[in-house]
A.B. asks: 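Below you will find the structure I want to go over with you.
Atom set for the values below is all heavy atoms of this structure, side chains included, hydrogens, waters and symmetry mates excluded.
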Amino acid sequence: QFNLNIATMYRRQERWADAARHYEVGLRAIPDDYAALFDLAYCYEQLHRDEDAVRSYRRYIEAVRRTNPEGAARAEERVVALEGS
């Protein structure tokens with residue numbers, strides 16, 4: 001949880017690489033933190049790591065499709081935008 005908290009702090013500061021690194025570590029320990037997975041995808045997007053962003057958004061979509069259809073739809077929009085660029 002510590003790494004995810006640090007990642008959130010870095011994300012708020014728009015320190016995308018630092019945030020992504022801490023999200024990656026945190027998600028290895030807590031792989032079902034789906035909000036963190038979405039945030040990691042967003043960090044990758046800001047870093048222009050489009051393939052990583054799409055992969056993370058897709059993992060998020062699969063995890064929340066039934067429980068959070070609005071969140072899944074928002075992530076699907078990001079995937080479409082990234083794949084179209």
Side-chain angles (χ1 to χ4, degrees):
Q1 187 64 49
F2 173 77
N3 280 289
L4 296 178
N5 292 339
I6 296 297
T8 300
M9 179 194 69
Y10 283 140
R11 181 179 47 82
R12 288 182 183 144
Q13 296 173 353
E14 298 182 2
R15 292 175 56 181
W16 308 117
D18 293 326
R21 194 168 35 259
H22 282 278
Y23 279 124
E24 291 164 350
V25 171
L27 283 164
R28 281 195 292 272
I30 308 172
D32 60 347
D33 188 324
Y34 304 127
L37 185 58
F38 185 94
D39 290 345
L40 173 60
Y42 185 78
C43 290
Y44 286 150
E45 193 173 347
Q46 300 311 303
L47 293 165
H48 306 286
R49 292 174 55 182
D50 294 351
E51 289 180 21
D52 292 325
V54 167
R55 189 176 318 108
S56 293
Y57 281 131
R58 286 193 173 144
R59 282 182 52 208
Y60 173 82
I61 292 164
E62 289 305 312
V64 305
R65 184 181 309 276
R66 291 184 185 95
T67 59
N68 183 358
E70 296 85 11
R74 187 175 61 186
E76 286 173 356
E77 289 173 5
R78 298 306 319 136
V79 168
V80 168
L82 287 164
E83 290 181 332
S85 60

A.B. asks: Looking at E83 and V54, what are the two nearest heavy atoms and their distance?
C.D. replies: OE2-CG1, 3.8 Å
A.B. asks: For the pair V64 and L37, evaluate side chain to side chain contact (heavy atoms under 4.5 Å, CB included) and give the outcome as yes or no after the intermediate values.
C.D. replies: CA-CA 11 Å; V64 305; L37 185 58; over 6 Å; no
A.B. asks: Would you give the length of the straight line joining atom OH of Y34 to atom CG of N68, rounded to the nearest 0.5 angstrom?
C.D. replies: 12.0 Å
A.B. asks: Test L40 against every option in E24, R11, R21 by the side chain to side chain contact (heavy atoms under 4.5 Å, CB included) rule and name the one that passes.
C.D. replies: E24
A.B. asks: Are more than 12 heavy atoms, taken from residues, nucleotides or ligands other than E51, located less than 6.0 Å from that residue's CD atom?
C.D. replies: no
A.B. asks: State which residues pass side-chain contact (heavy atoms from CB on, under 4.5 Å) with A41; sequence neighbours excluded, sorted by chain then number.
C.D. replies: S56, Y57
A.B. asks: Please tabulate, for side-chain N and O atoms in residues 69-76, each donor-acceptor pair with protein atoms closer than 3.5 Å (sequence neighbours left out).
C.D. replies:
residue : atom : partner : partner atom : Å
E76     : OE2  : R65     : NH1          : 3.0

A.B. asks: Please round to the nearest 0.5 Å and tell me the distance separating atom CZ of R49 and atom CG of L82.
C.D. replies: 13.0 Å
A.B. asks: Same cluster or not: L47 versus Y23, using hydrophobic residues (I, L, V, M, F, W, Y) connected whenever any side-chain heavy atoms lie under 4.5 Å apart?
C.D. replies: yes
A.B. asks: Quick one: are V79 and Y60 in side-chain contact, heavy atoms under 4.5 Å?
C.D. replies: no
A.B. asks: Any side-chain donor paired with an acceptor under 3.5 Å for R55 and Y44?
C.D. replies: no
A.B. asks: Got a list of side-chain donor-acceptor pairs under 3.5 Å for residues 3-10, not counting sequence neighbours?
C.D. replies:
residue : atom : partner : partner atom : Å
N3      : OD1  : H22     : ND1          : 2.8
N5      : OD1  : Q1      : NE2          : 3.3
T8      : OG1  : L4      : O            : 3.0

